[in-house]
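Read the structure below first, then the notes.
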Protein chains: 2
Amino acid sequence: MAVLLDTKCLVCKKSSDIFNVLKESELEKIDCNKASIIYKPGEIIFKQGAPANYFVCVTSGLVKLYIEHVNSRNLIVGLTRPINYIFEPGPFVDHHHHVTAVACEETSACLIDEKVMKQLIKTNTEFANEFIKKISLQSVSLFNRISSCTQKHVYGRVADTLLYLYPGIYNTNPFLLSLTRQDLADLSGMTKESLIRVLKKFKDDNIINIEGNKLEIINRNNLEEIARKG
Amino acid sequence: MAVLLDTKCLVCKKSSDIFNVLKESELEKIDCNKASIIYKPGEIIFKQGAPANYFVCVTSGLVKLYIEHVNSRNLIVGLTRPINYIFEPGPFVDHHHHVTAVACEETSACLIDEKVMKQLIKTNTEFANEFIKKISLQSVSLFNRISSCTQKHVYGRVADTLLYLYPGIYNTNPFLLSLTRQDLADLSGMTKESLIRVLKKFKDDNIINIEGNKLEIINRNNLEEIARKG
DNA sequence: TTTCTGCGTTGATATATATCAATCAAAAGG
DNA sequence: CCTTTTGATTGATATATATCAACGCAGAAA
(Lines give C-alpha, C1' and ligand atoms only; values in the text may rest on other atoms or scores of the structure.)
Protein backbone atom coordinates (compact mmCIF):
# COMPACT_ATOMS: atom_id res chain seq x y z
CA MET A 1 0.00 0.00 0.00
CA ALA A 2 0.91 3.62 0.36
CA VAL A 3 4.37 4.55 1.55
CA LEU A 4 5.25 7.50 3.72
CA LEU A 5 7.52 10.19 2.36
CA ASP A 6 9.23 13.12 3.94
CA THR A 7 9.46 16.39 2.04
CA LYS A 8 9.29 19.96 3.23
CA CYS A 9 6.76 22.24 1.56
CA LEU A 10 9.43 24.90 1.31
CA VAL A 11 11.45 22.69 -1.01
CA CYS A 12 8.66 22.08 -3.51
CA LYS A 13 7.41 25.62 -3.13
CA LYS A 14 8.82 26.97 -6.37
CA SER A 15 6.28 25.51 -8.75
CA SER A 16 3.66 24.69 -6.24
CA ASP A 17 0.45 25.94 -7.70
CA ILE A 18 -1.75 27.92 -5.35
CA PHE A 19 0.67 27.49 -2.46
CA ASN A 20 3.28 29.91 -3.71
CA VAL A 21 1.45 32.88 -2.23
CA LEU A 22 1.95 31.49 1.27
CA LYS A 23 4.47 32.87 3.73
CA GLU A 24 7.16 30.60 5.17
CA SER A 25 5.39 30.39 8.50
CA GLU A 26 2.21 29.31 6.77
CA LEU A 27 4.00 26.64 4.78
CA GLU A 28 5.51 25.35 7.99
CA LYS A 29 2.03 25.15 9.41
CA ILE A 30 1.07 22.92 6.47
CA ASP A 31 4.24 20.88 6.93
CA CYS A 32 3.17 20.01 10.43
CA ASN A 33 -0.30 18.97 9.36
CA LYS A 34 0.20 16.95 6.25
CA ALA A 35 0.99 13.40 5.26
CA SER A 36 3.18 12.84 2.22
CA ILE A 37 2.37 9.53 0.59
CA ILE A 38 3.46 7.43 -2.38
CA TYR A 39 0.86 5.47 -4.34
CA LYS A 40 1.43 2.67 -6.81
CA PRO A 41 -0.41 2.62 -10.13
CA GLY A 42 -4.02 1.62 -9.59
CA GLU A 43 -4.11 2.56 -5.92
CA ILE A 44 -6.99 4.64 -4.67
CA ILE A 45 -6.14 8.03 -3.17
CA PHE A 46 -9.70 8.73 -2.11
CA LYS A 47 -13.02 7.22 -2.98
CA GLN A 48 -16.36 8.70 -3.96
CA GLY A 49 -18.68 8.68 -0.97
CA ALA A 50 -15.92 8.38 1.62
CA PRO A 51 -15.46 11.12 4.24
CA ALA A 52 -13.39 14.04 2.98
CA ASN A 53 -11.45 15.69 5.76
CA TYR A 54 -8.24 16.50 3.96
CA PHE A 55 -7.11 18.24 0.82
CA VAL A 56 -4.85 16.54 -1.68
CA CYS A 57 -1.93 18.03 -3.56
CA VAL A 58 -0.30 15.88 -6.22
CA THR A 59 3.50 16.23 -6.10
CA SER A 60 4.52 13.64 -8.71
CA GLY A 61 2.95 11.11 -11.06
CA LEU A 62 -0.51 11.17 -12.63
CA VAL A 63 -3.95 10.97 -11.04
CA LYS A 64 -7.31 10.27 -12.64
CA LEU A 65 -10.52 11.59 -11.10
CA TYR A 66 -13.69 9.79 -11.99
CA ILE A 67 -17.34 9.54 -11.13
CA GLU A 68 -18.44 6.01 -10.35
CA HIS A 69 -21.76 4.59 -11.35
CA VAL A 70 -23.90 1.59 -10.45
CA ASN A 71 -23.48 -0.12 -13.80
CA SER A 72 -19.72 -0.03 -13.25
CA ARG A 73 -19.08 2.46 -16.03
CA ASN A 74 -16.86 5.27 -14.85
CA LEU A 75 -16.52 8.76 -16.24
CA ILE A 76 -13.15 10.40 -15.85
CA VAL A 77 -13.75 14.09 -15.15
CA GLY A 78 -10.11 15.08 -15.13
CA LEU A 79 -6.46 14.12 -14.91
CA THR A 80 -4.05 15.84 -12.54
CA ARG A 81 -0.34 16.29 -13.04
CA PRO A 82 2.02 17.69 -10.40
CA ILE A 83 2.22 20.12 -8.87
CA ASN A 84 -1.47 20.57 -8.58
CA TYR A 85 -4.03 20.81 -5.89
CA ILE A 86 -7.00 18.50 -6.56
CA PHE A 87 -10.23 20.40 -6.29
CA GLU A 88 -12.86 18.38 -4.52
CA PRO A 89 -15.91 20.38 -3.46
CA GLY A 90 -16.68 17.86 -0.72
CA PRO A 91 -14.91 19.53 2.22
CA PHE A 92 -16.96 22.68 1.65
CA VAL A 93 -20.27 20.95 1.12
CA ASP A 94 -20.95 17.69 2.92
CA HIS A 95 -17.50 16.46 3.91
CA HIS A 96 -17.73 13.57 1.50
CA HIS A 97 -15.86 12.93 -1.72
CA HIS A 98 -17.82 13.30 -4.92
CA VAL A 99 -15.28 11.65 -7.16
CA THR A 100 -12.74 8.86 -6.85
CA ALA A 101 -9.03 9.61 -7.28
CA VAL A 102 -6.71 6.85 -8.48
CA ALA A 103 -3.00 6.90 -9.31
CA CYS A 104 -2.28 6.07 -12.97
CA GLU A 105 1.48 6.09 -12.51
CA GLU A 106 3.62 5.93 -9.40
CA THR A 107 2.36 9.01 -7.65
CA SER A 108 3.21 11.03 -4.58
CA ALA A 109 0.72 13.32 -2.93
CA CYS A 110 0.38 15.44 0.18
CA LEU A 111 -2.75 15.06 2.25
CA ILE A 112 -3.31 18.33 4.06
CA ASP A 113 -5.57 18.61 7.04
CA GLU A 114 -8.87 20.28 6.18
CA LYS A 115 -8.83 22.59 9.19
CA VAL A 116 -5.44 24.01 8.32
CA MET A 117 -6.41 24.69 4.73
CA LYS A 118 -9.65 26.33 5.73
CA GLN A 119 -7.86 28.43 8.29
CA LEU A 120 -5.34 29.59 5.69
CA ILE A 121 -8.19 30.53 3.38
CA LYS A 122 -9.71 32.58 6.15
CA THR A 123 -6.53 34.34 7.20
CA ASN A 124 -4.71 34.84 3.90
CA THR A 125 -6.91 36.62 1.37
CA GLU A 126 -4.32 36.23 -1.35
CA PHE A 127 -4.46 32.47 -0.83
CA ALA A 128 -8.26 32.50 -0.83
CA ASN A 129 -8.14 34.33 -4.12
CA GLU A 130 -5.75 31.83 -5.67
CA PHE A 131 -7.98 29.09 -4.37
CA ILE A 132 -11.03 30.59 -6.06
CA LYS A 133 -9.12 31.01 -9.30
CA LYS A 134 -8.15 27.37 -9.12
CA ILE A 135 -11.70 26.21 -8.53
CA SER A 136 -12.90 28.40 -11.37
CA LEU A 137 -10.39 26.87 -13.76
CA GLN A 138 -11.55 23.40 -12.84
CA SER A 139 -15.14 24.44 -13.35
CA VAL A 140 -14.36 25.61 -16.86
CA SER A 141 -12.71 22.30 -17.55
CA LEU A 142 -15.81 20.58 -16.19
CA PHE A 143 -18.02 22.61 -18.52
CA ASN A 144 -15.86 21.55 -21.45
CA ARG A 145 -16.18 17.95 -20.40
CA ILE A 146 -19.95 18.08 -20.07
CA SER A 147 -20.20 19.83 -23.38
CA SER A 148 -18.03 17.25 -25.08
CA CYS A 149 -19.61 14.15 -23.56
CA THR A 150 -23.23 15.17 -24.06
CA GLN A 151 -23.22 17.07 -27.33
CA LYS A 152 -20.64 15.40 -29.54
CA HIS A 153 -20.35 12.12 -31.40
CA VAL A 154 -17.63 9.58 -30.69
CA TYR A 155 -15.15 11.13 -33.12
CA GLY A 156 -15.48 14.58 -31.62
CA ARG A 157 -15.19 13.21 -28.11
CA VAL A 158 -12.03 11.24 -28.84
CA ALA A 159 -10.58 14.28 -30.59
CA ASP A 160 -11.27 16.30 -27.43
CA THR A 161 -9.58 13.61 -25.36
CA LEU A 162 -6.47 13.58 -27.53
CA LEU A 163 -6.23 17.37 -27.50
CA TYR A 164 -6.59 17.26 -23.72
CA LEU A 165 -3.77 14.73 -23.42
CA TYR A 166 -1.29 16.68 -25.54
CA PRO A 167 -0.15 19.10 -24.52
CA GLY A 168 -1.04 19.29 -20.86
CA ILE A 169 -0.96 15.77 -19.58
CA TYR A 170 1.81 14.53 -21.86
CA ASN A 171 4.28 17.06 -23.17
CA THR A 172 6.26 15.24 -25.81
CA ASN A 173 4.98 14.10 -29.19
CA PRO A 174 4.94 11.17 -29.67
CA PHE A 175 4.26 10.26 -26.05
CA LEU A 176 4.02 7.05 -24.07
CA LEU A 177 0.52 6.50 -22.69
CA SER A 178 0.29 5.54 -19.04
CA LEU A 179 -3.48 5.32 -19.45
CA THR A 180 -5.18 2.14 -20.62
CA ARG A 181 -7.65 2.02 -23.48
CA GLN A 182 -10.38 1.69 -20.87
CA ASP A 183 -9.14 4.92 -19.26
CA LEU A 184 -9.26 6.69 -22.60
CA ALA A 185 -12.79 5.37 -23.10
CA ASP A 186 -13.82 6.55 -19.62
CA LEU A 187 -12.32 9.91 -20.47
CA SER A 188 -14.32 10.06 -23.70
CA GLY A 189 -17.55 8.72 -22.26
CA MET A 190 -17.81 5.61 -24.40
CA THR A 191 -16.97 1.91 -24.38
CA LYS A 192 -13.47 0.59 -24.87
CA GLU A 193 -14.47 -1.00 -28.17
CA SER A 194 -15.84 2.23 -29.58
CA LEU A 195 -12.73 4.11 -28.52
CA ILE A 196 -10.49 1.58 -30.25
CA ARG A 197 -12.50 1.82 -33.46
CA VAL A 198 -12.24 5.60 -33.47
CA LEU A 199 -8.49 5.50 -32.82
CA LYS A 200 -8.14 3.06 -35.70
CA LYS A 201 -10.11 5.38 -37.97
CA PHE A 202 -7.88 8.30 -36.97
CA LYS A 203 -4.83 6.19 -37.69
CA ASP A 204 -6.16 5.12 -41.09
CA ASP A 205 -6.82 8.80 -41.85
CA ASN A 206 -3.26 9.72 -40.89
CA ILE A 207 -4.40 12.00 -38.09
CA ILE A 208 -2.56 10.07 -35.41
CA ASN A 209 -0.18 7.18 -35.19
CA ILE A 210 -0.58 4.63 -32.44
CA GLU A 211 1.45 1.50 -31.77
CA GLY A 212 0.74 -0.09 -28.42
CA ASN A 213 1.15 2.72 -25.92
CA LYS A 214 3.13 5.03 -28.17
CA LEU A 215 0.80 7.71 -29.48
CA GLU A 216 1.70 10.48 -31.90
CA ILE A 217 -0.52 13.31 -33.01
CA ILE A 218 0.26 13.90 -36.67
CA ASN A 219 -2.42 16.34 -37.80
CA ARG A 220 -3.48 18.56 -34.95
CA ASN A 221 -5.50 20.95 -37.12
CA ASN A 222 -7.58 18.06 -38.35
CA LEU A 223 -8.21 16.93 -34.78
CA GLU A 224 -9.31 20.42 -33.79
CA GLU A 225 -11.64 20.51 -36.75
CA ILE A 226 -13.20 17.19 -35.73
CA ALA A 227 -13.52 18.37 -32.13
CA ARG A 228 -15.24 21.54 -33.27
CA LYS A 229 -17.71 19.82 -35.57
CA GLY A 230 -18.47 17.19 -32.95
CA MET B 1 -35.89 44.91 -23.37
CA ALA B 2 -34.50 45.06 -19.89
CA VAL B 3 -35.96 47.56 -17.49
CA LEU B 4 -34.10 49.35 -14.74
CA LEU B 5 -35.13 48.79 -11.17
CA ASP B 6 -34.19 50.49 -7.96
CA THR B 7 -33.68 48.38 -4.86
CA LYS B 8 -31.24 48.73 -2.02
CA CYS B 9 -29.16 45.68 -1.15
CA LEU B 10 -29.92 46.28 2.48
CA VAL B 11 -33.60 45.59 1.83
CA CYS B 12 -33.09 42.22 0.20
CA LYS B 13 -30.27 41.38 2.58
CA LYS B 14 -32.26 38.99 4.77
CA SER B 15 -32.33 36.03 2.47
CA SER B 16 -29.57 37.10 0.21
CA ASP B 17 -27.39 34.08 -0.15
CA ILE B 18 -23.67 34.71 0.20
CA PHE B 19 -24.19 38.44 0.73
CA ASN B 20 -25.54 38.18 4.24
CA VAL B 21 -22.05 38.10 5.72
CA LEU B 22 -21.34 41.59 4.42
CA LYS B 23 -21.32 44.68 6.60
CA GLU B 24 -23.65 47.57 5.85
CA SER B 25 -20.81 49.65 4.44
CA GLU B 26 -19.89 46.84 2.10
CA LEU B 27 -23.46 46.41 0.91
CA GLU B 28 -23.59 50.11 0.21
CA LYS B 29 -20.46 49.72 -1.86
CA ILE B 30 -22.29 47.11 -3.94
CA ASP B 31 -25.35 49.34 -4.16
CA CYS B 32 -23.26 52.02 -5.81
CA ASN B 33 -21.77 49.60 -8.32
CA LYS B 34 -24.66 47.49 -9.46
CA ALA B 35 -27.43 47.60 -12.04
CA SER B 36 -30.78 46.12 -11.10
CA ILE B 37 -32.60 44.89 -14.17
CA ILE B 38 -35.86 43.19 -15.12
CA TYR B 39 -35.89 40.61 -17.89
CA LYS B 40 -38.88 39.23 -19.76
CA PRO B 41 -39.19 35.48 -20.36
CA GLY B 42 -36.78 34.40 -23.08
CA GLU B 43 -34.45 37.36 -22.71
CA ILE B 44 -30.73 36.73 -22.48
CA ILE B 45 -29.00 37.86 -19.29
CA PHE B 46 -25.56 36.97 -20.57
CA LYS B 47 -24.29 34.89 -23.42
CA GLN B 48 -21.64 32.22 -23.70
CA GLY B 49 -18.47 33.68 -25.18
CA ALA B 50 -19.35 37.29 -24.36
CA PRO B 51 -17.07 39.31 -22.04
CA ALA B 52 -17.79 38.70 -18.38
CA ASN B 53 -17.05 41.75 -16.29
CA TYR B 54 -19.87 41.59 -13.81
CA PHE B 55 -21.41 39.11 -11.42
CA VAL B 56 -25.11 38.30 -11.49
CA CYS B 57 -27.42 37.82 -8.56
CA VAL B 58 -30.97 36.67 -9.32
CA THR B 59 -33.48 38.51 -7.15
CA SER B 60 -36.76 37.19 -8.59
CA GLY B 61 -38.01 34.84 -11.28
CA LEU B 62 -36.24 31.84 -12.79
CA VAL B 63 -33.06 31.60 -14.85
CA LYS B 64 -31.74 28.75 -16.96
CA LEU B 65 -28.03 28.32 -17.57
CA TYR B 66 -27.02 26.37 -20.61
CA ILE B 67 -24.06 25.42 -22.71
CA GLU B 68 -24.56 26.17 -26.38
CA HIS B 69 -23.32 23.97 -29.15
CA VAL B 70 -22.77 24.27 -32.88
CA ASN B 71 -25.54 21.87 -33.83
CA SER B 72 -27.98 24.08 -31.92
CA ARG B 73 -28.63 21.57 -29.18
CA ASN B 74 -28.30 23.17 -25.78
CA LEU B 75 -27.57 21.54 -22.47
CA ILE B 76 -29.04 23.19 -19.41
CA VAL B 77 -26.49 22.88 -16.62
CA GLY B 78 -28.64 24.46 -13.95
CA LEU B 79 -31.64 26.55 -12.99
CA THR B 80 -31.40 29.43 -10.55
CA ARG B 81 -34.12 30.70 -8.26
CA PRO B 82 -33.87 33.88 -6.14
CA ILE B 83 -32.06 34.85 -4.12
CA ASN B 84 -29.03 33.29 -5.61
CA TYR B 85 -25.72 34.37 -6.97
CA ILE B 86 -25.00 32.76 -10.35
CA PHE B 87 -21.61 31.16 -10.34
CA GLU B 88 -19.78 31.75 -13.57
CA PRO B 89 -16.07 30.89 -13.47
CA GLY B 90 -15.37 33.30 -16.32
CA PRO B 91 -14.42 36.40 -14.32
CA PHE B 92 -11.69 34.40 -12.56
CA VAL B 93 -10.37 32.67 -15.64
CA ASP B 94 -10.56 34.45 -18.98
CA HIS B 95 -13.20 37.15 -18.44
CA HIS B 96 -15.61 35.44 -20.78
CA HIS B 97 -18.86 33.67 -20.06
CA HIS B 98 -18.83 29.90 -20.38
CA VAL B 99 -22.59 29.47 -20.30
CA THR B 100 -25.61 31.41 -21.47
CA ALA B 101 -28.17 32.67 -18.93
CA VAL B 102 -31.76 33.20 -20.03
CA ALA B 103 -34.84 34.24 -18.06
CA CYS B 104 -37.58 31.57 -18.04
CA GLU B 105 -40.07 33.74 -16.18
CA GLU B 106 -40.17 37.48 -15.59
CA THR B 107 -36.90 37.86 -13.74
CA SER B 108 -35.03 40.57 -11.91
CA ALA B 109 -31.30 40.42 -11.35
CA CYS B 110 -28.50 42.59 -10.03
CA LEU B 111 -25.39 42.95 -12.13
CA ILE B 112 -22.52 43.70 -9.80
CA ASP B 113 -19.27 45.16 -11.00
CA GLU B 114 -16.52 42.57 -11.11
CA LYS B 115 -13.94 44.80 -9.44
CA VAL B 116 -16.15 45.43 -6.43
CA MET B 117 -16.90 41.74 -5.95
CA LYS B 118 -13.25 40.80 -6.23
CA GLN B 119 -12.29 43.50 -3.83
CA LEU B 120 -14.81 42.26 -1.30
CA ILE B 121 -13.43 38.76 -1.66
CA LYS B 122 -9.97 40.10 -0.95
CA THR B 123 -10.93 42.19 2.03
CA ASN B 124 -13.64 40.11 3.71
CA THR B 125 -12.43 36.59 4.42
CA GLU B 126 -15.84 35.54 5.65
CA PHE B 127 -17.29 36.54 2.29
CA ALA B 128 -14.52 34.72 0.44
CA ASN B 129 -15.36 31.65 2.43
CA GLU B 130 -19.06 31.87 1.60
CA PHE B 131 -18.10 32.38 -2.00
CA ILE B 132 -16.01 29.22 -2.02
CA LYS B 133 -18.82 27.27 -0.37
CA LYS B 134 -21.16 28.50 -3.07
CA ILE B 135 -18.84 27.48 -5.88
CA SER B 136 -18.37 24.10 -4.25
CA LEU B 137 -22.10 23.53 -4.08
CA GLN B 138 -22.47 24.34 -7.74
CA SER B 139 -19.62 22.00 -8.58
CA VAL B 140 -21.36 19.16 -6.79
CA SER B 141 -24.49 19.92 -8.75
CA LEU B 142 -22.39 19.90 -11.92
CA PHE B 143 -20.97 16.50 -11.03
CA ASN B 144 -24.49 15.17 -10.57
CA ARG B 145 -25.47 16.54 -13.92
CA ILE B 146 -22.50 15.01 -15.73
CA SER B 147 -23.12 11.74 -14.00
CA SER B 148 -26.77 11.75 -14.99
CA CYS B 149 -26.35 12.83 -18.59
CA THR B 150 -23.48 10.51 -19.46
CA GLN B 151 -24.19 7.37 -17.49
CA LYS B 152 -27.96 6.98 -17.43
CA HIS B 153 -30.66 6.07 -19.91
CA VAL B 154 -33.50 8.41 -20.83
CA TYR B 155 -35.75 7.21 -18.00
CA GLY B 156 -33.11 7.76 -15.34
CA ARG B 157 -32.26 11.16 -16.74
CA VAL B 158 -35.85 12.37 -16.80
CA ALA B 159 -36.31 11.03 -13.27
CA ASP B 160 -33.28 13.09 -12.20
CA THR B 161 -34.77 16.13 -13.88
CA LEU B 162 -38.13 15.73 -12.14
CA LEU B 163 -36.46 15.22 -8.77
CA TYR B 164 -34.39 18.34 -9.43
CA LEU B 165 -37.50 20.36 -10.24
CA TYR B 166 -39.41 19.37 -7.11
CA PRO B 167 -38.57 20.38 -4.55
CA GLY B 168 -36.02 23.08 -5.22
CA ILE B 169 -37.15 24.83 -8.35
CA TYR B 170 -40.88 24.40 -7.80
CA ASN B 171 -42.10 23.98 -4.26
CA THR B 172 -45.71 22.95 -4.56
CA ASN B 173 -46.99 19.62 -5.81
CA PRO B 174 -48.60 19.68 -8.31
CA PHE B 175 -46.77 22.63 -9.82
CA LEU B 176 -47.17 24.79 -12.90
CA LEU B 177 -44.21 24.44 -15.26
CA SER B 178 -42.69 27.65 -16.57
CA LEU B 179 -40.27 25.54 -18.60
CA THR B 180 -41.14 24.29 -22.07
CA ARG B 181 -40.81 20.64 -23.12
CA GLN B 182 -37.70 21.67 -25.01
CA ASP B 183 -36.25 23.10 -21.79
CA LEU B 184 -36.97 19.84 -19.97
CA ALA B 185 -35.29 17.97 -22.81
CA ASP B 186 -32.25 20.28 -22.68
CA LEU B 187 -32.15 19.69 -18.94
CA SER B 188 -32.21 15.93 -19.47
CA GLY B 189 -29.79 15.86 -22.37
CA MET B 190 -32.16 14.42 -24.96
CA THR B 191 -34.53 15.48 -27.73
CA LYS B 192 -37.95 16.95 -27.09
CA GLU B 193 -39.60 13.89 -28.63
CA SER B 194 -37.76 11.47 -26.37
CA LEU B 195 -38.60 13.53 -23.32
CA ILE B 196 -42.29 13.54 -24.20
CA ARG B 197 -42.31 9.78 -24.67
CA VAL B 198 -40.68 9.24 -21.28
CA LEU B 199 -43.14 11.59 -19.55
CA LYS B 200 -45.97 9.68 -21.20
CA LYS B 201 -44.55 6.40 -19.95
CA PHE B 202 -44.28 7.82 -16.43
CA LYS B 203 -47.87 9.00 -16.67
CA ASP B 204 -49.07 5.60 -17.90
CA ASP B 205 -47.22 4.01 -14.98
CA ASN B 206 -48.88 6.38 -12.51
CA ILE B 207 -45.58 7.85 -11.40
CA ILE B 208 -46.52 11.38 -12.41
CA ASN B 209 -49.54 13.18 -13.73
CA ILE B 210 -49.12 15.79 -16.41
CA GLU B 211 -51.76 17.86 -18.17
CA GLY B 212 -50.35 20.70 -20.23
CA ASN B 213 -48.09 22.58 -17.87
CA LYS B 214 -49.51 21.16 -14.65
CA LEU B 215 -47.18 18.48 -13.37
CA GLU B 216 -47.71 16.34 -10.29
CA ILE B 217 -45.28 13.86 -8.86
CA ILE B 218 -47.36 10.95 -7.59
CA ASN B 219 -44.81 8.32 -6.71
CA ARG B 220 -41.56 9.88 -5.61
CA ASN B 221 -40.04 6.65 -4.35
CA ASN B 222 -40.51 5.09 -7.73
CA LEU B 223 -38.82 8.07 -9.39
CA GLU B 224 -35.87 7.81 -7.03
CA GLU B 225 -35.59 4.13 -7.82
CA ILE B 226 -35.56 4.84 -11.55
CA ALA B 227 -32.98 7.60 -11.07
CA ARG B 228 -30.78 5.24 -9.07
CA LYS B 229 -30.95 2.38 -11.54
CA GLY B 230 -30.33 4.74 -14.47
C1' DT C 1 -63.06 36.15 -38.94
C1' DT C 2 -58.88 33.85 -41.11
C1' DT C 3 -54.14 32.99 -41.21
C1' DC C 4 -50.03 32.08 -39.15
C1' DT C 5 -46.74 30.61 -35.92
C1' DG C 6 -44.89 28.03 -32.05
C1' DC C 7 -45.39 24.23 -29.03
C1' DG C 8 -46.81 19.65 -28.03
C1' DT C 9 -47.69 15.04 -29.59
C1' DT C 10 -47.40 10.70 -32.14
C1' DG C 11 -45.70 7.26 -35.49
C1' DA C 12 -42.28 5.38 -38.75
C1' DT C 13 -37.64 4.97 -39.69
C1' DA C 14 -32.63 5.59 -39.41
C1' DT C 15 -28.36 5.33 -37.12
C1' DA C 16 -24.90 5.80 -33.68
C1' DT C 17 -23.15 3.25 -30.28
C1' DA C 18 -23.35 -0.53 -27.02
C1' DT C 19 -23.27 -5.29 -26.32
C1' DC C 20 -21.74 -9.83 -27.05
C1' DA C 21 -18.45 -13.13 -28.48
C1' DA C 22 -14.11 -14.68 -30.06
C1' DT C 23 -9.22 -14.21 -30.67
C1' DC C 24 -4.55 -12.69 -29.71
C1' DA C 25 -0.61 -10.94 -27.26
C1' DA C 26 1.73 -9.84 -23.31
C1' DA C 27 2.35 -9.91 -18.55
C1' DA C 28 2.02 -12.16 -14.19
C1' DG C 29 2.05 -15.94 -11.27
C1' DG C 30 2.78 -20.69 -9.72
C1' DC D 1 8.55 -24.04 -17.67
C1' DC D 2 3.37 -23.80 -18.30
C1' DT D 3 -0.88 -21.67 -16.83
C1' DT D 4 -3.66 -17.89 -15.92
C1' DT D 5 -4.98 -13.43 -16.25
C1' DT D 6 -5.38 -8.97 -18.25
C1' DG D 7 -5.64 -5.71 -21.94
C1' DA D 8 -6.24 -4.94 -26.91
C1' DT D 9 -8.56 -5.87 -31.07
C1' DT D 10 -12.07 -7.21 -34.45
C1' DG D 11 -16.58 -8.67 -36.23
C1' DA D 12 -21.59 -9.53 -35.86
C1' DT D 13 -25.65 -8.07 -33.83
C1' DA D 14 -28.85 -5.56 -30.83
C1' DT D 15 -30.92 -1.51 -29.17
C1' DA D 16 -31.49 3.03 -27.39
C1' DT D 17 -32.31 7.24 -29.05
C1' DA D 18 -32.33 10.61 -32.76
C1' DT D 19 -34.32 12.08 -36.86
C1' DC D 20 -37.94 12.95 -39.97
C1' DA D 21 -42.59 13.87 -40.99
C1' DA D 22 -47.21 14.84 -40.07
C1' DC D 23 -50.87 16.70 -37.36
C1' DG D 24 -53.51 19.19 -33.67
C1' DC D 25 -54.13 23.00 -31.00
C1' DA D 26 -53.90 27.48 -28.94
C1' DG D 27 -52.66 32.05 -29.02
C1' DA D 28 -51.10 35.97 -31.85
C1' DA D 29 -51.42 38.69 -35.72
C1' DA D 30 -53.53 40.47 -39.80
Side-chain angles (χ1 to χ4, degrees), chain A residues 40-43 64 69-76 102 104-105 148-161 176-204 208-215 226 229-230, chain B residues 40-43 64 69-76 102 104-105 148-161 176-204 208-215 226 229-230:
Chain A
K40 292 200 199 68
E43 286 187 342
K64 62 178 171 184
H69 199 247
V70 276
N71 61 8
S72 82
R73 288 186 58 194
N74 299 325
L75 183 83
I76 297 180
V102 168
C104 296
E105 305 171 359
S148 177
C149 286
T150 60
Q151 299 173 317
K152 293 181 185 179
H153 289 176
V154 280
Y155 298 99
R157 277 184 269 159
V158 174
D160 278 327
T161 294
L176 218 58
L177 278 168
S178 45
L179 298 171
T180 64
R181 299 291 192 269
Q182 184 64 58
D183 286 333
L184 296 180
D186 290 346
L187 195 47
S188 313
M190 64 189 66
T191 59
K192 191 177 52 174
E193 292 93 330
S194 293
L195 173 102
I196 288 170
R197 281 181 246 266
V198 174
L199 286 181
K200 195 184 177 194
K201 177 81 165 66
F202 284 174
K203 186 180 179 182
D204 289 346
I208 64 167
N209 193 23
I210 182 163
E211 311 264 346
N213 285 330
K214 199 176 107 186
L215 175 56
I226 293 168
K229 288 198 178 167
Chain B
K40 292 200 198 68
E43 286 186 344
K64 62 177 172 184
H69 199 246
V70 277
N71 61 10
S72 85
R73 287 187 57 194
N74 298 325
L75 183 83
I76 296 180
V102 167
C104 296
E105 304 171 359
S148 177
C149 287
T150 60
Q151 300 173 316
K152 294 182 186 180
H153 289 175
V154 279
Y155 298 99
R157 276 184 269 158
V158 174
D160 277 327
T161 294
L176 218 59
L177 279 169
S178 47
L179 298 171
T180 64
R181 300 292 194 267
Q182 184 65 58
D183 285 333
L184 296 180
D186 290 346
L187 196 46
S188 312
M190 65 189 65
T191 59
K192 191 177 52 174
E193 292 94 329
S194 294
L195 173 103
I196 288 170
R197 281 181 246 267
V198 173
L199 286 181
K200 195 185 176 191
K201 177 81 167 66
F202 284 174
K203 186 180 178 181
D204 289 346
I208 64 168
N209 194 22
I210 183 163
E211 312 264 346
N213 286 329
K214 199 176 107 186
L215 175 56
I226 292 168
K229 289 199 178 167

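Basis for what follows: all heavy atoms, side chains included, without hydrogens, waters or symmetry-related copies. Here is the naming used below: chain letters follow the sequence lines, and residue numbers restart at 1 for every chain.
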Legend entry - Positive for side-chain hydrogen bond (donor to acceptor under 3.5 Å, both in side chains) with Ser188(A), one of Asp160(A), Thr161(A), Asp183(A):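 Testing Ser188(A) for a side-chain hydrogen bond (donor to acceptor under 3.5 Å, both in side chains) against Asp160(A), Thr161(A), Asp183(A) leaves exactly one candidate, Thr161(A).
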
What is the distance, to the nearest angstrom, from the [atom1] atom on [X] to the [atom2] atom on [N]?
X         : N       : atom1 : atom2 : answer
Lys201(A) : dT9(D)  : NZ    : C1'   : 18 Å
His153(B) : dT19(C) : NE2   : P     : 7 Å
Met190(A) : dT17(D) : CE    : P     : 16 Å
Glu211(A) : dA25(C) : CD    : P     : 15 Å
Lys152(A) : dA18(D) : NZ    : P     : 18 Å
Asp186(B) : dG8(C)  : CG    : P     : 11 Å
Asp204(A) : dT10(D) : CG    : P     : 9 Å
Leu195(B) : dA18(D) : CG    : P     : 10 Å

Picking from [options], which would you name as closest to the side chain of [X]?
X         : options                   : result
Ile196(A) : dT19(D), dT9(D), dG8(C)   : dT9(D)
Ser194(A) : dT10(C), dA18(C), dT17(D) : dA18(C)
Glu193(A) : dT17(D), dT19(C), dT19(D) : dT19(C)
Arg73(A)  : dG11(D), dA18(C), dG8(C)  : dA18(C)
Lys192(A) : dT9(D), dA18(C), dT17(D)  : dT9(D)

Inset, instruction - May I ask you to verify if any side-chain N or O of Lys200(A) is less than 4.0 angstrom from the OP1 or OP2 atom of dT10(D)? - result: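 Result: yes.
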
What I'd like to find out is whether the side chain of [X] reaches to under 4.5 Å of the side chain of [Y], using heavy atoms alone.
X         : Y         : answer
Asn209(B) : Lys203(B) : yes
Thr150(A) : Arg73(B)  : no
Leu75(A)  : His69(A)  : no
Asn74(B)  : Gln182(B) : no

Legend entry - Residue closer to the 5' end of DNA chain D, Leu199(A) versus Arg157(B) (nearest nucleotide): Leu199(A)

Legend entry - 5'-most by nearest nucleotide on DNA chain C - Arg197(B) or Thr180(B): Thr180(B)

